[in-house]
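Please read the structure below before turning to the comments.
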2 protein chains.
Amino acid sequence: MTTVPVPVVDFDTSPDRYRHWRLEVDGQLARLVLDVDPDGGIVPGYELKLNSYDLGVDIELHDAVQRLRLEHPQVRAVVVNPWKVNFCKFSNEALLEIEDASARSGQTWIAALNGPTAGGGYELALACDEIVLVDDGSAAVSLPEVSLLGVLPGTGGLTRLVDKRHVRRDLADVLATKAEGVRGRTAVEWGLVDDAVPPRRLDEAVAARVAEALARSDRPAGAAGVELTPLAREVDADALRYAHVTCTIDRDGGAATITVHGPEAVEVPAGVAEAHEQGAGFWPLAFARELDDLVLRLRTNELEIGTWLLRTRGDPGTVAALDELLLAHPDDWLVGEVVGCLARTLKRLDYSARSLFAVVEPGSCFAGTLAELALAADRSYMLDGLREEDEERGLAPATLTLTGMNLGPLPMGNGLTRLQSRFHGRDDALAAAQRLAGTPMTAAEAASAGLVTFTPDDLDWDDELRLALEERASFNPDALTGMEASHRFAGPETLETKIFARLSAWQNWIFQRPNAAGPQGALRRYGTGQRAVFDRKRV
Amino acid sequence: MTTVPVPVVDFDTSPDRYRHWRLEVDGQLARLVLDVDPDGGIVPGYELKLNSYDLGVDIELHDAVQRLRLEHPQVRAVVVNPWKVNFCKFSNEALLEIEDASARSGQTWIAALNGPTAGGGYELALACDEIVLVDDGSAAVSLPEVSLLGVLPGTGGLTRLVDKRHVRRDLADVLATKAEGVRGRTAVEWGLVDDAVPPRRLDEAVAARVAEALARSDRPAGAAGVELTPLAREVDADALRYAHVTCTIDRDGGAATITVHGPEAVEVPAGVAEAHEQGAGFWPLAFARELDDLVLRLRTNELEIGTWLLRTRGDPGTVAALDELLLAHPDDWLVGEVVGCLARTLKRLDYSARSLFAVVEPGSCFAGTLAELALAADRSYMLDGLREEDEERGLAPATLTLTGMNLGPLPMGNGLTRLQSRFHGRDDALAAAQRLAGTPMTAAEAASAGLVTFTPDDLDWDDELRLALEERASFNPDALTGMEASHRFAGPETLETKIFARLSAWQNWIFQRPNAAGPQGALRRYGTGQRAVFDRKRV
């Protein structure tokens with residue numbers, strides 16, 4: 001394995017390598033403790049720039065959430081002592097992963113706040129199911145971003161206050177403008193925490209909640225977890241290669257080609273027991289982990305690569321056979337977790353600020369789970385017929401196939417399937433597409449069903465794709481980001497899409513403004529003893 | 001009347017003074033024609049800066065929509081030939097007013113596109129119920145903002161494509177990146193327009209749609225409209241005075257005090273017939289028009305006045321009596337229109353980027369319709385008991401009273417009442433508050449019902465209010481804008497809130513970015529023959 005010595009952000013970690021958290025698993029209970037650097041202070045808030053320390057906290061949090069679900073299926077309650085997190089898309093995703101674990105994995109997350117909990121620390125607590133605050137006359141929860149830093153609690157803080165914890169909007173206004181926060185019984189009355197107890201009763205109060213959580217969970221008691229072994233990854237200057245996913249980067253064109261290599265027939269387990277035996281090697285799990293890692297690395301380390309081409313290679317029938325296995329065992333805990341991994345990885349594509357083009361060619365396997373890649377794309381190109389080289393290789397024309405995996409198990413953040421989002425408000429077209437599940441569609445059939453955008457034949461294929469890529473690379477990438485975010489999520493909004501679509505957009509805007517980021521702005525002046533100077537115009 | 005000769009934007013207009021539109025009313029049909037300046041060119045898009053010409057187009061459009069509803073109740077169909085509009089909050093509101101007229105006033109708005117319709121012009125068409133495009137081989141609908149200007153079709157364009165017209169997301173992607181737009185049958189197939197007809201058939205096709213619209217409308221046939229007489233307004237350097245609303249500006253404090261003077265008993269009509277006779281003088285209509293004008297002027301001309309204090313003076317019982325009249329005649333067309341005006345004016349408060357503080361004191365009349373001002377506020381202060389000066393004036397302690405007007409007729413943009421938004425997810429608290437309708441509440445009672453934020457007594461009142469105002473004025477106004485927008489709209493999202501909360505936030509962000517607004521940005525370079533230079537990093 002080659003490792004290129006460039007300063008890239010790496011998302012690999014494991015509990016024995018954590019620098020910021022300590023993960024303790026004790027039977028059905030886990031504890032996630034921030035290993036506090038005593039010199040770090042308790043100053044709330046986040047840095048404007050990508051800060052490797054801050055991102056490191058989230059990388060470890062993300063890793064811990066995954067391992068608690070897959071390696072420790074017996075865990076029913078997680079007690080967390082939050083400290084701080086920073087604001088970035090990955091932080092938002094990490095907190096949503098906690099809520100996903102609550103919703104899908106029968107885990108109760110309990111935030112035990114034994115001291116002042118400010119900013120991102122309280123945002124992390126808000127992502128938990130229950131919050132217990134010590135009532136010692138000084139401990140408070142606070143969101144001091146507006147008052148101290150001139151920015152927003154952008155990791156879902158504002159949205160979770162009113163939309164999740166149902167804090168009254170005027171009390172939310174008071175909290176979010178009060179640097180010192182809210183303590184004790186008032187915090188309970190306002191709905192900011194669930195309980196406030198004297199220091200001597202904190203452990204007991206948390207233990208009571210843990211006991212209730214353990215009793216009501218349906219997590220499997222005696223199940224053996226799946227060890228999340230390190231990903232094998234080969235990194236070159238312009239390529240990343242995993243077992244099932246490869247990526248090549250065209251720096252001049254500003255585009256990356258992501259190719260998923262579908263499962264071989266021999267990789268499909270005979271039954272769910274064999275899937276358990278395969279563990280981290282079970283194809284859907286291995287694929288999801290690799291694609292997730294690739295997306296995170298491209299997002300973080302390849303900022304100028306604005307377009308991602310999504311391709312697949314393999315046998316659509318084998319993908320469909322694996323889908324069938326997943327669909328046949330919805331109550332198996334591992335199958336549930338694997339489907340959850342797939343769902344979260346696909347959501348990460350939806351939330352990536354990159355243009356996604358799917359390319360459906362002969363030899364590809366856009367079926368079921370992998371057809372979601374085409375449905376996640378901003379547009380898709382499907383070759384109608386064969387090119388000379390396809391004929392030489394004896395390939396059949398490309399097909400696109402829906403399976404049951406496209407009809408429910410892999411929802412987007414808005415709660416709809418990608419098919420439902422695609423045909424939002426067009427129930428007939430949706431029903432017609434759903435009826436085609438199980439039928440491999442030619443380019444003409446897929447186009448007629450509204451599942452692909454363009455179906456050039458071999459004469460036009462190369463030029464059309466090349467021109468589309470050149471054109472995309474010529475546009476203002478910021479405008480593309482806003483446009484794509486607007487088009488991807490038709491229909492209803494959820495807490496999750498509100499956080500990405502509304503709160504993040506406001507926060508992005510505020511971060512660009514001189515009042516926050518300018519030389520005299522609040523972010524620059526914080527901690528200097530100088531007051532920020534604001535242009536008072538409301539816009 | 002004193003007029004101060006400062007360069008303020010004025011929102012007064014009437015059809016005889018329109019500079020940009022021609023409004024023709026012909027029985028049940030109205031036509032709204034843009035009076036094209038032949039030198040204006042057909043270049044699509046909007047200006048970065050507030051452009052008095054562009055805003056002028058919207059001011060006239062807003063005026064025309066109001067007059068068609070109130071002065072011409074017989075109008076059932078409106079044919080509009082859109083050209084261009086600019087991007088600003090007021091433009092968004094003006095287009096939403098068209099959709100509100102369709103939804104509430106039995107009017108069908110038909111966009112007849114007899115030539116290329118680009119950018120804001122197509123956004124205006126998207127706000128109409130039906131769109132007919134001439135099919136002459138050149139006429140197209142287009143949204144060239146991304147490709148030519150590096151910004152977004154921010155007046156609802158992207159949201160209306162996928163959420164209103166249910167255009168498939170990949171086709172929306174293609175349209176919004178294709179400067180030349182989409183023509184003829186393809187535009188129909190993609191759902192961009194409802195029909196495409198040869199030039200010789202355009203009038204006939206529009207006439208057929210008009211005939212259908214006239215037949216299905218329930219607009220009153222023989223009703224006499226209400227003439228929207230010019231608002232009497234007195235403007236000083238630091239004050240605006242209308243008949244029922246006054247405003248004083250504290251420039252040092254960055255705050256404006258808006259005082260609504262409630263109706264006198266003699267102003268309450270004996271019945272709905274008398275309300276019709278009162279016409280534009282009917283108190284709720286007069287109040288709504290004045291407050292709307294004030295809000296628009298403060299928003300546009302007083303950018304540094306970041307906090308608005310909302311006060312009322314008068315008799316709560318008289319307000320409640322007027323509410324009763326409105327509630328008793330839901331089927332009367334004028335009552336319907338007046339309630340619609342009140343609803344739209346209150347929404348404009350919700351969408352204003354200003355901190356709203358309600359101040360409930362002895363002598364005030366926060367009842368029913370006027371209690372919505374307190375519910376629209378980001379926080380509220382209600383005096384518990386009396387101050388010395390209140391006792392001297394023989395005043396009773398302040399009360400807050402809900403009426404039926406708080407329980408449905410004045411929804412926010414999210415489709416909920418302000419009470420429902422306030423108690424989102426807390427159904428018990430909502431039901432308890434609703435049961436209090438009709439009962440004047442003291443400060444303690446209103447606080448206990450969760451309807452006010454703070455209830456200082458006379459000892460604390462002055463200091464608490466002063467400190468709150470000083471503190472608010474010390475914060476980054478941009479952070480306040482993002483925070484307030486996030487707190488005001490708990491719960492569900494609608495096309496309307498998506499346009500304000502998501503699309504506008506993205507557009508605001510993009511407008512701050514060097515790629516759009518910088519010296520080499522797309523907006524600056526457009527039309528110069530030079531290509532924009534982009535930082536290609538995706539963020």
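Numbers restart at 1 for each chain; the letters A, B, ... are given by sequence-line order, proteins then strands.
- With a 4.5 angstrom heavy-atom cutoff, A/Ala516 touches chain B via backbone and side-chain atoms both.
- Rounding to the nearest 0.5 Å gives a distance of 9.5 Å between CG of B/Asp535 and CG of A/Asn476.
- Checked by atom type and distance alone, the side chain of B/Asp163 pairs as donor or acceptor with a backbone atom of A/Gly491 at under 3.5 Å.
- Closest approach of B/Phe475 to A/Phe534, counting heavy atoms only: C-CE1, 3.5 Å.
- For the 3.5 Å distance criterion, the side chains of A/Ser504 and B/Arg502 fail to qualify, holding no donor opposite an acceptor.
- Remark: A/Asp173 engages B/Arg472 in a salt bridge, criterion side-chain N to carboxylate O under 4.0 Å.
- The CZ atom of A/Arg168 sits 7.5 Å away from the CG atom of B/Leu451 when rounded to the nearest 0.5 Å.
- Per-residue counts of heavy-atom pairs under 4.5 Å with chain B were compared for A/Ala473, A/Ser352, A/Gly191; the largest is that of A/Ala473.
- Taking non-hydrogen atoms and a 4.5 Å limit, the residue list of residues 479-486 of chain A in contact with chain B, ordered by number, reads A/Ala479, A/Leu480, A/Thr481, A/Gly482, A/Met483, A/Glu484, A/Ala485, A/Ser486.
- Contact count versus chain B (heavy atoms, under 4.5 Å) is highest, among A/Ala176, A/Ala377, A/Ala429, A/Gly450, for A/Gly450.
- Both the backbone and the side chain of A/Phe489 come within contact range of chain B, each with at least one heavy atom under 4.5 Å from a heavy atom of that chain.
- Distance check, rounded to the nearest 0.5 Å: CH2 of A/Trp506 to CH2 of B/Trp509 gives 14.5 Å.
- With a 4.5 Å cut-off on non-hydrogen atoms, A/Thr159 does not touch chain B at all.
- The distance from atom CZ of A/Arg536 to atom CD1 of B/Ile305, rounded to the nearest 0.5 Å, is 10.0 Å.
- With a threshold of 4.5 angstrom between heavy atoms, A/Ser474 approaches chain B through its backbone and through its side chain.
- At a 4.5 Å heavy-atom cutoff, the contact between A/Arg165 and chain B is made by backbone atoms alone.
- A distance of 11.5 Å separates CD in A/Gln512 from CG in B/Asp478, rounded to the nearest 0.5 Å.
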For A/Val162 and B/His424, run side chain to side chain contact (heavy atoms under 4.5 Å, CB included): C-alpha distance rounded to whole Å, both residues' side-chain angles, the deciding distance at 0.1 Å, then the answer.
CA-CA 8 Å; A/Val162 293; B/His424 172 62; over 6 Å; no
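- Contact count versus chain B (heavy atoms, under 4.5 Å) is highest, among A/Thr177, A/Val146, A/Val174, for A/Thr177.
- Of all the listed residues (A/Arg488, A/Glu471, A/Lys498), the one sharing the greatest number of non-hydrogen pairs under 4.5 Å with chain B is A/Lys498.
- Of the two parts of A/Ala532, neither the backbone nor the side chain holds a non-hydrogen atom closer than 4.5 Å to a non-hydrogen atom of chain B.
- Rounded to the nearest 0.5 Å, atoms CG (B/Asp378) and CG (A/Asp170) are 9.0 Å apart.
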Can you list the steps and then say if B/Ser355 with A/Arg538 is a side-chain hydrogen bond (donor to acceptor under 3.5 Å, both in side chains)?
CA-CA 10 Å; B/Ser355 298; A/Arg538 286 273 196 145; 2.8 Å; yes
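- With a threshold of 4.5 angstrom between heavy atoms, A/Leu375 approaches chain B through N, CA, C or O but not through any side-chain atom.
- The closest donor-acceptor contact from the side chain of B/Arg169 to the backbone of A/Ser421 lies at 3.5 Å or more, if one exists at all.
- A search for ring-ring contact (aromatic ring centres under 6.0 Å, His included) contacts involving B/Phe90 returns B/Phe11, B/His62, not counting sequence neighbours.
- Contact of A/Ala172 with chain B is made through backbone and side chain together, with heavy-atom distances under 4.5 Å.
- Chosen from A/Arg379, A/Lys164, A/Arg531, the residue pairing most often with chain B at heavy-atom distances under 4.5 Å is A/Arg379.
- With a 4.5 angstrom heavy-atom cutoff, A/Val452 touches chain B only via backbone atoms.
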